[in-house]
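Accompanying notes for the structure given below.
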Amino acid sequence: MGKADKKTHYCGTLNHDHVNNRVKLAGWVGKRRDHGGLIFIDLRDRSGVMQLVFDQQAGAELFRQAENLRSEYVVAVEGEVVGRSEDTINPDLPTGDIELRVEVMEVLNPSKTPPFYIEDDIYVDENLRLRYRYLDLRRPEMLGRLQLRHRAVKMVRDYMDRYDFLEIETPMLTRSTPEGARDFLVPSRMHPGEFYALPQSPQLFKQLLMVSGVERYFQIVRCFRDEDLRADRQPEFTQVDIETSFFGQENLFALIEGLAALLWREIKGIDIKLPFLRMPYREAMNRFGSDKPDLRFGMELVDLNDLAVKSQFKVFTSALENGGSVKGLRVENGKKMSRKDLDDLTLLARQLGARGLAWVYVEENGWRSPISKFFDNALIDDINRKMNAGVDDVLLFVADTWQTTCNVLGYLRRHLAPDVIAAAPHFLWVVDFPLFHYDEEEKRFESDHHPFTAPRVEDVPILESDPLGVRAQAYDLVLDGVEIGGGSTRIHDSAIQERIFKLLGLSEEESREKFGFLLEALSFGAPPHGGIALGLDRLVALLSGDESIRQVIPFPKTAAASCLMTSAPANVDDKQLSELKIELQKQQEED
RNA sequence: GGAGCUGUGGUGUAGAUGGUUAACAUAUCGGCCUGUCAAGCCGAAGACCGCGGGUUCGAGUCCCGUCAGCUCCGCCA
């Protein structure tokens with residue numbers, strides 16, 4: 001690449017070896033320190049900062065120019081790199097032992113005073129940062145995140161290339177399919193009244209590429225889901241999408257583990273242990289109350305079905321009679337929680353769907369609790385023993401359906417977790433997910449992963465007779481309580497695929513209409529195939545140590561899915577609507 | 001759809017029980033200053049307290065509504 005005309009070096013790349021060199025630099029004015037006859041400017045560019053020195057004696061005209069510099073002015077300078085004298089070295093700056101004695105300066109563009117400081121560790125309303133995102137990104141730590149993301153993406157591409165994967169693009173304008181998240185729709189001008197959907201993932205296309213004989217596909221691809229946002233969920237997000245034929249789950253796991261190890265080693269300097277732990281879904285739920293357990297700390301849930309049945313406590317016994325379960329969570333040294341704290345936890349448990357939360361303070365001679373009267377001393381001892389409880393602990397119990405019991409205690413486990421920031425990363429594969437769950441609202445079975453997931457071969461015979469008992473060949477990759485990826489072995493047999501559609505309540509006509517192309521493709525010699533998708537935004541956020549993926553997305557949406565910089569979404573002209581033959585409904589009256 | 005938190009000069013904050021000149025820091029502007037790097041010193045300007053309504057003699061402070069941001073539940077195959 002040719003040299004930039006305004007600069008011969010990046011500020012941050014200059015060092016003591018450049019002393020006596022003539023260089024040209026260009027960038028933004030950071031801090032300005034005006035001593036009257038001597039002015040220091042911190043010139044900032046992508047790479048770092050270089051101190052510029054303007055001496056009154058060096059020329060009146062240049063000095064007058066320097067006096068007029070303000071924050072964020074864009075300037076190009078030319079001068080000589082000089083070493084600083086011993087007593088003026090700034091050890092806090094990478095370039096702190098040199099400075100640029102400016103001889104020529106050109107102001108390329110002035111700047112309004114920015115609405116917030118262009119520096120690291122600012123504490124500004126995110127509102128403002130998002131409205132002026134281009135200024136927010138100018139801050140070194142944000143440019144650093146962009147760079148980190150670039151490096152991660154490049155490593156992924158190089159790694160996949162090394163293993164013969166082809167990066168192939170798939171359509172952004174595709175068709176809406178039932179199941180899954182709400183689609184973003186795009187109206188068609190050529191086909192009035194018809195709509196494209198933006199892809200929730202390239203799922204079908206990557207499977208079709210397997211039918212095409214690609215064998216190893218990947219793509220770093222934007223996906224769209226019109227659902228409510230979270231700190232780790234944006235309406236558009238990026239997946240590392242992977243699909244393989246003739247590969248097998250073991251190879252896929254090894255491939256992904258190698259990739260994760262590479263990223264963590266190169267970016268975080270951490271050698272992670274391979275292979276990753278694997279845990280069946282049932283076990284994850286039973287022990288941690290989550291299908292994405294954080295293994296950095298213990299606090300495992302304890303199954304109390306066998307003991308709870310011996311109590312006189314109706315809440316426990318009736319839950320068990322109804323086929324539910326009773327589990328406990330031990331909060332070490334929980335006595336520092338007040339009665340009020342426990343009431344708050346109870347409220348939380350209710351909001352999460354439990355009918356209530358039972359709690360006891362473990363004391364020298366028994367339990368202090370409203371429910372202690374339902375338990376005799378022997379039973380209390382047994383429960384204490386099973387939960388490994390000692391004096392000053394608090395025990396929390398939930399009795400409900402198995403699912404609710406696990407979910408609620410799992411939430412409380414996370415909520416009450418000790419500080420584990422410094423712990424080493426704990427990767428794991430969660431495997432053996434159920435193929436279906438039952439949707440109470442829709443009164444039908446739904447795919448737990450997606451409808452193209454293969455059932456375990458030995459469970460195929462019970463597909464129709466016991467759908468909820470069927471296990472899927474699906475897996476999630478979990479890191480420290482965050483789901484960073486998920487995938488499955490796919491159905492490559494059109495007959496089984498049709499049975500699955502039927503179980504999901506799709507009529508034959510419907511599945512023909514919506515998925516006919518897939519069923520047909522599967523009948524033309526589809527190879528056995530499977531794959532995975534990794535959440536790139538989450539991955540990068542974990543690598544950069546950020547809580548929210550907004551930090552690693554250059555132009556993210558707010559929790560209400562709008563862009564504060566462009567004000568998207570926005571109204572469109574009537575002309576645009578009429579071209580699309582779209583008429584807006586009148587605003588609904590109240591109620 | 002629901003819950004919680006936040007909203008005061010450009011920015012970050014303070015403003016007990018409602019009382020009338022809304023405080024501090026920093027940024028900004030001006031002056032002084034040749035070695036600073038959180039430069040320093042002196043001075044100036046800058047908010048009617050997200051918005052709307054209500055209670056009150058009087059509201060940044062209480063009430064209702066609304067908007068925006070954040071977090072969580074639902075939702076996210």
Side-chain angles (χ1 to χ4, degrees), chain A residues 30-43 49-58 63 67 70-72 82 84-93 95-96 99 101 112-119 121-132 135 177-183 200-201 203 223-235 237 344 347-353 407-408 411 414-415 433-437 439-442 445-453 472 474 483 486-488 500 504 533 535 547-548 550 557-560 562 564 567:
Chain A
K31 284 260 156 54
R32 174 174 59 105
R33 292 175 293 279
D34 184 344
H35 287 235
L38 184 69
I39 297 173
F40 300 100
I41 298 284
D42 290 334
L43 184 72
V49 165
M50 171 61 50
Q51 174 163 281
L52 308 181
V53 187
F54 294 88
D55 195 315
Q56 196 162 31
Q57 254 119 54
F63 196 77
E67 281 180 322
R70 292 295 179 269
S71 287
E72 301 309 313
V82 298
R84 297 200 202 177
S85 67
E86 204 61 53
D87 54 323
T88 61
I89 287 174
N90 180 357
D92 299 327
L93 211 62
T95 57
E99 61 195 15
R101 198 137 284 179
K112 295 205 288 188
T113 302
F116 49 83
Y117 306 113
I118 310 298
E119 61 189 37
D121 302 317
I122 57 171
Y123 188 71
V124 189
D125 199 23
E126 200 171 346
N127 206 320
L128 249 203
R129 290 177 54 203
L130 290 175
R131 188 148 96 239
Y132 298 97
L135 295 180
T177 53
E179 297 277 316
R182 200 174 288 118
D183 285 316
Q200 297 178 25
S201 85
Q203 184 60 38
C223 302
F224 305 86
R225 294 179 190 175
D226 187 7
E227 298 292 347
D228 286 357
L229 291 81
R230 288 288 188 282
D232 62 353
R233 272 167 34 191
Q234 285 273 308
F237 61 99
D344 289 345
L347 194 65
L348 191 58
R350 288 222 177 85
Q351 285 164 350
L352 294 169
N407 283 343
V408 170
Y411 188 94
R414 266 199 326 279
H415 186 73
F433 279 89
L435 189 63
F436 302 111
H437 60 261
D439 187 308
E440 291 293 344
E441 274 181 41
E442 305 269 339
F445 295 108
E446 284 191 338
S447 293
D448 207 74
H449 184 56
H450 60 52
F452 320 109
T453 301
E483 180 196 326
S488 62
I500 299 289
L504 292 172
E547 296 283 327
S548 164
R550 288 190 304 275
K557 307 280 189 289
T558 68
S562 38
L564 296 180
S567 300

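Residue numbers start from 1 in every chain, and the chains themselves are labelled A, B, ... in the order their sequence lines are given, proteins ahead of strands. Reckoned from all heavy atoms, side chains included, excluding hydrogens, waters and symmetry mates.
- The stacking criteria are not both satisfied for Phe116(A) over the base of U11(B), which would need a centre-to-centre distance under 5.5 angstrom and an angle between ring planes under 30 degrees.
- Atom CD of Glu227(A) is separated from atom P of C75(B) by 10 Å (rounded to the nearest Å).
- Nucleotides C37(B) and A16(B) have their P atoms positioned 38 Å apart, rounded to a whole Å.
- Atom CG of Asp125(A) and atom P of C49(B) are 18 Å apart (whole Å).
- Between Val49(A) and Lys31(A) the shortest side-chain heavy-atom distance does not fall below 4.5 Å.
- Of the nucleotides present, C51(B) is the one that pairs with G65(B) by Watson-Crick or G-U wobble criteria, both distances under 3.5 Å.
- Within the nucleic acid shown, Ser562(A) comes within 4.0 Å of sugar-phosphate atoms alone, with no base atom in reach, counting heavy atoms only.
- Donor-acceptor pairing under 3.5 Å, judged by distance alone, is present between the side chain of Arg84(A) and the base of U36(B).
- Taken to the nearest 0.5 Å, the CD atom of Gln203(A) stands 7.0 Å off from the OG1 atom of Thr453(A).
- Donor-acceptor pairing under 3.5 Å, judged by distance alone, is present between the side chain of Arg101(A) and the base of G35(B).
- Glu446(A) comes within 4.0 angstrom of nothing in the nucleic acid, heavy atoms only.
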Go through Phe452(A) and Ile500(A) one step at a time and tell me if the side-chain contact (heavy atoms from CB on, under 4.5 Å) criterion holds. CA-CA 8 Å; Phe452(A) 320 109; Ile500(A) 299 289; over 6 Å; no

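- A 3.5 Å limit on both hydrogen-bonding distances identifies C32(B) as the Watson-Crick or G-U partner of G40(B).
- G12(B) is paired with C24(B) under the Watson-Crick or G-U wobble criterion, all donor-acceptor distances under 3.5 Å.
- Nearest nucleotide to the side chain of Leu38(A), out of G35(B), C70(B), U13(B): G35(B).
- With its glycosidic angle more than 90° from 0, A14(B) adopts the anti conformation.
- The distance from the CG atom of Leu135(A) to the CD atom of Glu72(A) is 7.5 Å, given to the nearest 0.5 Å.
- Between Arg101(A) and Glu99(A) there is a salt bridge, since a side-chain N of the basic residue sits under 4.0 Å from a carboxylate O of the acidic one.
- Between the C1' atoms of C57(B) and G18(B), the separation comes to 12 Å (whole Å).
- For the C1' atom pair drawn from G40(B) and U26(B), the interatomic distance equals 15 Å after rounding to whole Å.
- At a threshold of 4.0 angstrom between heavy atoms, the contacts of Glu483(A) with the nucleic acid are absent.
- Toward the 5′ end of RNA chain B lies the nearest nucleotide of Phe40(A), the other residue of the pair Gly180(A) and Phe40(A) mapping further downstream.
- Comparing C51(B) with G60(B), their C1' atoms are spaced 14 Å from each other, to the whole Å.
- Separating the CD atom of Glu99(A) from the C1' atom of U34(B) is a distance of 12 Å, rounded to the nearest angstrom.
- U56(B) and C62(B) are spaced 10 Å apart, taking the C1' atom of each and rounding to whole Å.
- Between Leu348(A) and Pro178(A), the residue whose closest nucleotide on RNA chain B is further toward the 5' end is Leu348(A).
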Base versus backbone protein contacts along nucleotides 23-32 of chain B [heavy-atom cut-off under 4.0 Å; B, S, -]: ---BSSSS--

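- With sequence neighbours left out, Arg350(A) forms a side chain to side chain contact (heavy atoms under 4.5 Å, CB included) with Thr346(A).
- Rounded to an integer number of Å, the gap from CG of Asn90(A) to C1' of A39(B) is 12 Å.
- G54(B) and C72(B): their P atoms are spaced 38 Å apart (whole Å).
- For the pair Asp448(A) CG and C76(B) P, the interatomic distance rounds to 11 Å; values are reported in whole Å.
- Not a single donor-acceptor pair, N or O on each side, falls under 3.5 Å between the base of G4(B) and the side chain of Gln351(A).
- Put simply, CZ on Phe63(A) and CG on Asp55(A) are 7.5 Å apart, with the number rounded to the nearest 0.5 Å.
- A salt bridge does not link Asp228(A) with Arg233(A): every distance from a Lys NZ or Arg NE/NH1/NH2 to an Asp or Glu carboxylate oxygen is 4.0 Å or more.
- At the heavy-atom level, Arg550(A) lies under 4.0 Å from the strands shown only through sugar-phosphate atoms.
- Atom-to-atom distance recorded for Met50(A):CE and Asp42(A):CG is 10.0 Å, nearest 0.5 angstrom.
- Using a 4.0 Å heavy-atom distance criterion, Thr88(A) is classed as a base contact.
- Between the side-chain ring of His35(A) and the base of A39(B), a stacking contact exists by the 5.5 Å and 30° definition.
- Side chain of Arg131(A) to backbone of Leu564(A): no donor-acceptor contact under 3.5 angstrom is found.
- In a base pair of the Watson-Crick type (N1 to N3 plus N6-O4 or O6-N4) or a G-U wobble (N1-O2 and O6-N3), with each distance short of 3.5 Å, C70(B) is matched with G4(B).
- Separating the CG atom in Asp439(A) from the OG atom in Ser447(A) is a distance of 11.5 Å, to the nearest 0.5 Å.
- Atom P of G10(B) sits at a distance of 24 Å from the matching atom of U20(B), rounded to the whole Å.
- Of the residues in residues 228-235 of chain A, those placing a heavy atom less than 4.0 Å from an atom of RNA chain B are Asp228(A), Arg230(A), Ala231(A), Arg233(A), in numerical order.
- Across all strands, Leu564(A) comes closer than 4.0 Å only to sugar-phosphate atoms, never to a base (heavy-atom distances).
- Remark: Lys557(A) NZ to Leu229(A) CG distance equals 9.5 Å, nearest 0.5 Å.
- No contact: Asp87(A) has no heavy atom under 4.0 Å from any strand.
- We find that CZ of Arg225(A) is positioned 15 Å from P of C75(B), with the value rounded to whole Å.
- Here the C1' atom of nucleotide C75(B) and the CG atom of Asp183(A) are 14 Å apart, to the nearest Å.
- Straight-line distance between the P atoms of U6(B) and C76(B): roughly 31 Å, to the nearest whole Å.
- When heavy atoms are screened at a 4.0 angstrom cut-off, Asn127(A) is found touching the sugar-phosphate backbone but no base atom.
- When rounded to the nearest whole Å, the span between CG of Leu352(A) and P of G4(B) equals 15 Å.
- Counting any heavy atom pair closer than 4.0 Å across all strands shown, Pro115(A) reaches sugar-phosphate atoms only and no base atom.
- Side chains of His35(A) and Phe40(A) form a contact here, defined as non-hydrogen atoms less than 4.5 Å apart.
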